[in-house]
Participant: 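First the structure, which I've put down as structure tokens, then a few questions once you've had a look.
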2 protein chains.
Amino acid sequence: MNEAKAPETEKAEPFQRLGEIGLSNFAPYLMNRIMGRYNADLRQEMTGLGLTTPKMRALAVLSVIDDLPISDLAVYAVVEQSTLSRALEQLASDGLVRRDPDPNDSRVTRIGITETGRAALDQLWPSMARVYAQMFKGIPAEERQAFVTTLQKMLKNIRKHDF
Amino acid sequence: MNEAKAPETEKAEPFQRLGEIGLSNFAPYLMNRIMGRYNADLRQEMTGLGLTTPKMRALAVLSVIDDLPISDLAVYAVVEQSTLSRALEQLASDGLVRRDPDPNDSRVTRIGITETGRAALDQLWPSMARVYAQMFKGIPAEERQAFVTTLQKMLKNIRKHDF
DNA sequence: GATTTATAATTGCAAATGCATATTATTTTG
DNA sequence: CAAAATAATATGCATTTGCAATTATAAATC
């Protein structure tokens, strides 16, 4: 009577529990495991350069999209606004980023990366590339591409902002 | 999917920078963004249940693999050993987990989940399942499966332990 | 156009985190 | 088998984090 007439892809399962899925089939678990290692591996390198994860993330984002309002940067960099505020304080005093008041909205401070900031990131990049390569070792280009495509869909599904 | 020109899977590129790859094509970036949202979304629910991310992760793992040494649990749950130690202290005093001395090695404490612990996780599970479903919304089963398969390979590539 | 509401960024503060170290138990080695 | 090296867990402590409240500005509403 109360048969589920589910459209296949969406929600057909009554409610599978984690134990039934299994950790190694549960994507969020695997992703947390992988990113935990990725971030831990990089943290070591960062420490040597006087960087922290929030600082590094801010620089990495700014190396691609410059001159961002702090609130946008927080979203891109996946760092809490207040944490980022303090990280930027240090980055600015170390000369790795620049703070420019937004001409149109005086509440906004726009952050740009400096040459020194780029240089710092360049020092870290080999490690990032190495860990990245390690992660995808033995995975063919086509599979990598499909993987990224799925990730892009997932981000669209889950994000709370327009970017 | 356009035919790839390059047969090389390993390392052929001279050294592409992040700016050239672009944030939205850089898998670790996308994964951090997605997991950042996933974890933030759940944190809210957890707070209501008196749980934190480390506590929740420990319970989730234990619901699948019970009776783990603390050191193994730390790996599975992606939580720092010292952080986990303190999280377990609280979980035990709240009666959500049990601590049993290992009969063969008296350095080891094995952690098991209690009925109360399972009940707490059951309360959280609907939210986890909801965010999980949201993440994969519109992504066909086949693509999901391929995605998980790639994740499994990646974990094998990057992990430092045998599990 | 004055008042309410919303947004950007900073900051105070308590709690959480992670590193280094301590403690206890086990394994290895000479 | 004593001494040294290794392993599992706990803990001291300085730092980091995130929430809530604050300040300052802008937008909306009446």
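Here is how names work: the chains are called A, B, and so on, in the same order as the sequence lines, proteins then strands, and each is numbered from 1.
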Participant: Any side-chain donor-acceptor pair under 3.5 Å between B:Thr149 and B:Gln145?
Facilitator: yes

Participant: Mind calculating the distance between CG (A:Asn104) and P (D:dT25) to the nearest angstrom?
Facilitator: 16 Å

Participant: From CG of A:Asn39 over to P of C:dG18, roughly how many Å is that when rounded to an integer?
Facilitator: 11 Å

Participant: List for me each residue that meets side-chain contact (heavy atoms from CB on, under 4.5 Å) alongside B:Ala119, sequence neighbours excluded, and say none if there are none.
Facilitator: none

Participant: What I want to find out is whether A:Arg107 reaches A:Asp102 closely enough, with some N-O distance under 4.0 Å, to be called a salt bridge.
Facilitator: no

Participant: At under 4.0 Å between heavy atoms, how does the protein contact nucleotides 8-18 of chain D? Give one character per nucleotide, 5' to 3', with B, S or -.
Facilitator: SBBBBB---BB

Participant: C:dT7 C1' sits how many Å from A:His161 NE2, rounded?
Facilitator: 12 Å

Participant: Look at atom CZ of A:Arg159 and say whether more than 12 heavy atoms of other residues, nucleotides or ligands are closer to it than 6.0 Å.
Facilitator: yes

Participant: Would you say B:Ser106 reaches C:dT24's phosphate, i.e. side-chain N/O to OP1/OP2 under 4.0 Å?
Facilitator: no

Participant: Hey, what's the ring geometry for A:Tyr132 with B:Phe26, parallel, tilted or perpendicular (30° and 60° as the breaks)?
Facilitator: tilted

Participant: Got a salt bridge between B:Arg37 and B:Asp41, using NZ or NE/NH1/NH2 to carboxylate O under 4.0 Å?
Facilitator: yes

Participant: When the C1' atoms of the five terminal pairs at each end define the local axes, what inter-axis angle does the helix from C:dG1-D:dC30 to C:dG30-D:dC1 show, to 10 degrees?
Facilitator: 30°

Participant: Can you tell me the distance, in whole Å, between the CG atom of A:Leu91 and the P atom of C:dA9?
Facilitator: 15 Å

Participant: Could you check how far NZ of B:Lys55 sits from P of C:dT17, rounded to whole Å?
Facilitator: 10 Å

Participant: In Å, rounded to the nearest 0.5 Å, how long is the span from CG of A:Leu84 to CD of A:Glu89?
Facilitator: 11.0 Å

Participant: Taking B:Gln90 for the side chain and B:Ala87 for the main chain, is one N or O donor matched with an acceptor at less than 3.5 Å?
Facilitator: no

